[in-house]
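Proteins get letters first, then strands, A, B, ... in listed order; numbering begins at 1 in each.
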2 protein chains.
Amino acid sequence: MRILIVEDEPTLGQQLKSSLEQNGYAVDLSTDGEDGHFLGSTEEYDAVILDLGLPEIDGLTVLGMWRKEGRNFPVLVLTARDSWSDKVAGLDAGADDYLAKPFQTEELIARLRALIRRASGNASSELVAGNVRLDTRSGRVTLDGEPVKLTAQEYKLLSYLMHHKGKVVSRTELIEHIYDQDFDRDSNTIEVFVTRIRKKLGAHVITTIRGLGYSLDDPDAAPRE
Amino acid sequence: MRILIVEDEPTLGQQLKSSLEQNGYAVDLSTDGEDGHFLGSTEEYDAVILDLGLPEIDGLTVLGMWRKEGRNFPVLVLTARDSWSDKVAGLDAGADDYLAKPFQTEELIARLRALIRRASGNASSELVAGNVRLDTRSGRVTLDGEPVKLTAQEYKLLSYLMHHKGKVVSRTELIEHIYDQDFDRDSNTIEVFVTRIRKKLGAHVITTIRGLGYSLDDPDAAPRE
DNA sequence: GAAAGTGCATGCGTATCCTGATTGTCGAGG
DNA sequence: CCTCGACAATCAGGATACGCATGCACTTTC
């Protein structure tokens, strides 16, 4: 885990740096807003500790610039000022947490842990097979990055196949998982939807295994010409 | 956005509830740990406000149980005690933010906003999708820069969709997050409000995915079908 | 008490699904 | 190598469930 500290008081900055390093973090320290902004824009950090009372550029300004640039690392804001209106401004400017000086180092570290945990918490569960991607959280499918519109049944079928990538899935298994309970077993709906999916995503995505069922293979895993 | 408050002091609890409701949240209120835990385990919340000093079961215990069950909504912890060791314990137990009593209601709401914003992966307090902008701080919505008047429910629905931009949101999910507990699940209210929002903002903002739900797309991110 | 907001019910139009028939492929055996 | 049977793919038309729009009654707000 890599942390950036932007803090103009050298004493406090150094003290924080060594505390965090003792806790296993890699720490970069910047003492003014301009330099700090540059580091945050160019390097990759898991979290940033930002002092509001900076010379030259205000901390809030720096934060706003990062957010405009699309930087979305979690930011913990430090300030000597203790009025709640400042807190509100900081939080609304895009800060994720707030700590008023003076503070206990233990508390800072605990909040940092919580921030990083949460930031990594919403990782999107994405299934990938070749040039097809299916995000189960958002329920959306892309082909070579281009979004593809699937109907409800098409999505269900593709989703099941991608969850069982590489495995041969029989028609009855598909019917059992896509439809509820009693459904006319001898109908060719599955074939119909396989056809439709192939039309939208390309024929190669779903392989037919004659007499057994279908299979969805990842070309990367099994390179074949 | 739907919030759960677990607070044993009835006066404070009610006061918080109405404050949040005035700010457009759907709020469930629980006055003891056991009931609160049950609600948090069974219903869908976007954030939880949890008092540590509860009768029967301790707040920290409740929080720990939720996290063990895999519940990962953001939790804001309240406590009368002001020692930092309690804060550390709370944060390590899985809390995402911390507020010591007494506090300003404005600060609570600001922190709540920040929590929800981060939980949905957004860095800025202003949500943008195409030519529609929604400022969560002021509760204003603009279309091509022109302010648009939305009713309370319309705003709630749009806000939820914008917090989950790109995701396909089912009708039940919308109902669960816009309304509190008891509400008739099978009604066409959602469709009605979708219609009304489309009338005000244009039909293109909300996409219908037949059989699955609705989705709010950013034209920049999704150029063509 | 007027005005605005909310939620339910109705009828309508259409995208989506399923069915059944037809056409197309594969593979074994002559 | 050709033929034939079995299985799979495709096509198109009708049925249906789904979502949309509108009107109306109830509630809330000022």
Side-chain angles (χ1 to χ4, degrees), chain A residues 139 141 148-161 168-216, chain B residues 2 18 21-27 139 141 148-161 168-216 225:
Chain A
V141 178
V148 178
K149 268 176 98 176
L150 293 188
T151 69
Q153 303 286 50
E154 288 163 4
Y155 176 80
K156 282 187 201 166
L157 205 161
L158 180 66
S159 165
Y160 188 83
L161 283 177
V168 177
V169 183
S170 71
R171 218 147 315 165
T172 47
E173 186 178 345
L174 281 171
I175 287 181
E176 278 171 357
H177 282 88
I178 291 174
Y179 297 97
D180 45 1
Q181 298 222 326
D182 30 42
F183 181 81
D184 190 17
R185 260 74 206 285
D186 40 319
S187 88
N188 67 344
T189 39
I190 298 297
E191 280 108 323
V192 171
F193 284 113
V194 168
T195 301
R196 289 193 178 148
I197 293 174
R198 281 180 176 150
K199 258 193 175 168
K200 290 186 179 178
L201 299 179
H204 60 284
V205 281
I206 302 177
T207 316
T208 310
I209 287 94
R210 214 150 227 269
L212 293 177
Y214 297 98
S215 154
L216 193 144
Chain B
R2 191 164 163 213
S18 55
E21 278 170 349
Q22 277 174 25
N23 277 270
Y25 296 100
V27 182
V141 177
V148 178
K149 262 182 85 182
L150 292 188
T151 70
Q153 299 294 73
E154 287 163 6
Y155 177 81
K156 283 186 197 172
L157 205 161
L158 182 67
S159 163
Y160 189 84
L161 282 177
V168 177
V169 183
S170 72
R171 217 149 312 145
T172 46
E173 185 177 344
L174 282 170
I175 288 181
E176 279 177 347
H177 286 272
I178 292 173
Y179 297 98
D180 48 9
Q181 270 203 294
D182 25 48
F183 183 80
D184 187 19
R185 261 83 206 284
D186 40 314
S187 89
N188 66 346
T189 317
I190 297 298
E191 283 138 325
V192 171
F193 282 108
V194 168
T195 303
R196 288 177 182 158
I197 292 174
R198 280 181 178 149
K199 261 192 177 165
K200 292 187 178 178
L201 299 179
H204 60 283
V205 280
I206 301 176
T207 316
T208 311
I209 290 96
R210 213 156 228 265
L212 293 178
Y214 296 98
S215 155
L216 193 144
E225 357 183 317

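For the pair A/V205/A/L158, no side-chain contact is recorded, criterion being any heavy-atom separation below 4.5 Å from C-beta on. At least one side-chain heavy atom of B/Q153 sits less than 4.5 Å from a side-chain heavy atom of B/Y179. Counting heavy atoms from C-beta outward, A/E173 and A/Y160 have side chains that approach closer than 4.5 Å.
Between the C1' atom of C/dT16 and the NZ atom of A/K149 lies a distance of 12 Å, rounded to the nearest Å. For the pair A/K200 NZ and D/dT10 P, the computed distance is 14 Å after rounding to whole Å. One can place CD1 of B/I175 at 14 Å from C1' of C/dT6, the figure rounded to the nearest angstrom. Computed from coordinates, the A/I190 CD1 to D/dC7 P distance equals 18 Å when rounded to whole Å. Taking atom CZ on A/F193 and atom P on C/dT16, their separation rounds to 10 Å, with Å as the unit.
For B/Y155, the ring-ring contact (aromatic ring centres under 6.0 Å, His included) criterion is met by no residue, not counting sequence neighbours. Every residue two or more places apart in sequence or in another chain was checked for a side chain to side chain donor-acceptor pair (under 3.5 Å) with B/R171, and none qualifies. Applying the side chain to side chain donor-acceptor pair (under 3.5 Å) rule to B/T195 yields no partners; only residues at least two apart in sequence or on another chain are considered.
Side-chain atoms of A/E191 and A/Y214 include no donor-acceptor pair closer than 3.5 Å.
Between B/A26 and B/I178, the shortest heavy-atom distance links the atoms CB-O, 3.2 Å. Across B/I209 and A/L150, no two heavy atoms sit closer than the pair CG2-O, 4.5 Å. In terms of heavy atoms, A/R198 sits closest to A/T208 at NH2-OG1, 2.7 Å.
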Exercise. Before giving the answer on salt bridge (charged side-chain N to carboxylate O under 4.0 Å, His left out), spell out for A/K200 and A/E154 the whole-Å C-alpha distance, their side-chain angles and the decisive distance to 0.1 Å.
Key: CA-CA 10 Å; A/K200 290 186 179 178; A/E154 288 163 4; 3.0 Å; yes
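Residue-to-nucleotide proximity on DNA chain C shows that, of B/Q153 and A/L150, the 5′-proximal contact is made by B/Q153.
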Practice problem: Would you mind building the protein contact string for nucleotides 13-30 of chain D? One character per nucleotide, 5' to 3', B for base within reach (heavy atoms under 4.0 Å), S for sugar-phosphate only, - for untouched. | Solution: -----BBSBB--------
Please write out the pairs of protein N or O atoms and N or O atoms of nucleotides 2-4 of chain D separated by less than 3.5 Å, giving the distance to one decimal.
none

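When the C1' atoms of four end pairs are superposed on the next four at each end of the helix from C/dG1-D/dC30 to C/dG30-D/dC1, using five pairs per end, the two resulting axes differ in direction by 40°, to 10°.
At C/dC18, none of the side-chain N or O atoms of A/T189 fall inside 4.0 Å of OP1 or OP2 (strictly under the cut-off).
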